[in-house]
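The structure under discussion appears below in the form of structure tokens.
Side-chain atoms are counted along with the backbone in the values below, which use heavy atoms only and exclude waters and symmetry mates. Computed from a predicted structure; not experimentally measured.
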Amino acid sequence: MVRANGAVSLRELARVVQTSEVTVRRDVRALEAEGLLDRRHGGAVLPGGFTRESGFPQKSHLATAEKTAIADLAAGFVEEGEAVVVGAGTTTQELARRLARVPGLTVVTNSLLVAQALAHANRVEVVMTGGTLRGSNYALVGSGAEQSLQGLRVSRAFLSGSGLTAERGLSTSNMLSASVDRALVQAAAEVVVLADHTKLGSDTMFQTVPTDVITRLVTDEPPAHDDRALTELQALADQGVQIAVAGPGAGSGPAGGGEGGGSAGRQSGRLGPSQGRGGGEEGLPLPGPRRNHPHPPGGPGSAQLRTAVPLAEQPGRVADLAPRRR
């Protein structure tokens, strides 16, 4: 039951096996000793810190300020007239609301929520995949969704997930969602992952994007005491992932209009290849698609942590991260 559902309560276990919770608790303790599961208060989960995906109503109320800042910054990647793919998720839904202002944009998505956010954007064309509706996150999944993406090529993919680690990359707890996300990745020249700091260091069952395929991570600044997130950011930077940290007010201006769109907020959140953008950002060159042109950590084209807000004057914080030379 734990393998099938990711987590299970003692009460549910007792009901299924028709015994008392005391007996179930004893059996769970024995299974934990064998490394088959981890006990949690009132239940059990998969071992190794694997987490189960929350439903959309729960996720929509988590880290809302962080998701807004991430979406503001990520929208600055998109130029007028581009074609991009946007996966399902609450953070990508926030991004879609900002992409509605980018003229001439084409967005391919398997998310009903992303499509809804762009439904009234007269200057944006929305292309939806086929597939079977997965009601928990309002996404189209299955072979129909995957087949509709074959032969597609866009500039970049924007994806989120349930967890992100340097070891496994982006992951999710649902096999069908993971399969569609992998198809979205195959359609893009670059992969941009949107993940707030609460997902850093979390791991779930199904890998969607390996670390060496992730071009950029857009995240928020972890709290100073969050050692797990800070360590994971450093490890991701060491592996060549370009990291952009959204701070208060970053990218708050409207997206759209291409280069020189005129919005100060947009320029402060912009991660383009040119030097000297506003907001204290360190202008660094961006590599091409990393899965086609891999670089060793610390070598040419390797990633450095870049911020959308001036964090450099905060010693020991995220801004100090850069790939360690080996």
Side-chain angles (χ1 to χ4, degrees), residues 70-71 73-89 91-119 121-131 139-161 169-170 172 177-195 208-218 241-242 244 251 255-259 261 266 269-273 286-294:
I70 290 168
L73 179 54
F77 291 141
V78 182
E79 300 289 348
E80 179 178 347
E82 268 194 279
V84 300
V85 296
V86 179
T91 310
T92 51
Q93 181 188 21
E94 287 295 326
L95 171 64
R97 293 186 176 116
R98 287 143 184 83
L99 296 183
R101 306 185 185 101
V102 183
L105 184 66
T106 299
V107 176
V108 181
T109 186
N110 69 319
S111 169
L112 299 186
L113 298 175
V114 168
Q116 182 184 43
L118 295 167
N122 295 328
R123 298 176 294 178
V124 178
E125 181 178 2
V126 180
V127 179
M128 294 211 66
T129 69
L140 297 172
V141 297
S143 60
E146 295 170 41
Q147 290 172 11
S148 66
L149 293 166
Q150 292 180 3
L152 182 71
R153 193 63 172 170
V154 299
S155 57
R156 55 182 58 86
F158 294 91
L159 297 174
S160 61
L170 192 67
T172 183
S177 294
S179 187
V180 173
D181 281 353
R182 285 191 287 267
L184 292 172
V185 167
Q186 290 300 315
E190 294 183 355
V191 178
V192 182
V193 170
L194 313 182
T208 56
V209 190
T211 305
D212 62 355
V213 175
I214 300 173
T215 309
R216 303 179 180 98
L217 164 64
V218 185
V241 177
Q242 296 205 13
E259 282 291 324
R266 180 171 188 247
R270 178 71 186 163
L271 294 175
L286 301 181
R290 296 178 60 249
R291 61 176 177 269
N292 297 326
H293 305 284

Partner residues of S148 under the side chain to side chain donor-acceptor pair (under 3.5 Å) criterion, sequence neighbours left out
none
Among all residues two or more places apart in sequence or in another chain, which pass the side chain to side chain donor-acceptor pair (under 3.5 Å) test with S155?
E82
CG of L184 to OG1 of T109: how many Å apart, nearest 0.5 Å?
7.5 Å
Nearest 0.5 Å, what's the CG-CD distance between L118 and Q93?
10.0 Å
As a test of understanding, state which of T211, V213, D212, V191 forms a side chain to side chain contact (heavy atoms under 4.5 Å, CB included) with V241.
T211
Which atom names give the shortest non-hydrogen contact between [X] and [Y], and what distance separates them?
X: L170; Y: I214; value: N-CD1, 4.3 Å
X: A121; Y: A100; value: CB-O, 3.6 Å
X: A183; Y: L149; value: CB-CD1, 3.7 Å
X: A188; Y: R153; value: O-NH1, 3.3 Å
X: S111; Y: G87; value: CB-O, 4.2 Å
X: V141; Y: V180; value: CA-CG2, 3.6 Å

Mind checking whether [X] and [Y] have side chains closer than 4.5 Å, heavy atoms only?
X: T92; Y: L194; result: yes
X: F77; Y: R216; result: yes
X: V124; Y: L99; result: no
X: V114; Y: V126; result: no
X: S179; Y: E146; result: yes

By side chain to side chain contact (heavy atoms under 4.5 Å, CB included) - contacts of [X] (at least two apart):
X: Q116; result: L113
X: A117; result: A96, R97
X: A195; result: L164, V193, K199, L217
X: A178; result: T172, R182, F206, T208

With side-chain contact (heavy atoms from CB on, under 4.5 Å) as the test, would you mind laying out the steps for V192 and V218 before giving the verdict?
CA-CA 7 Å; V192 182; V218 185; 3.8 Å; yes
N110 side chain to L140 main-chain N or O, any donor-acceptor pair under 3.5 Å?
yes
Between L152 and V85, does the side-chain contact (heavy atoms from CB on, under 4.5 Å) criterion hold? Intermediate values first, please.
CA-CA 10 Å; L152 182 71; V85 296; 4.0 Å; yes
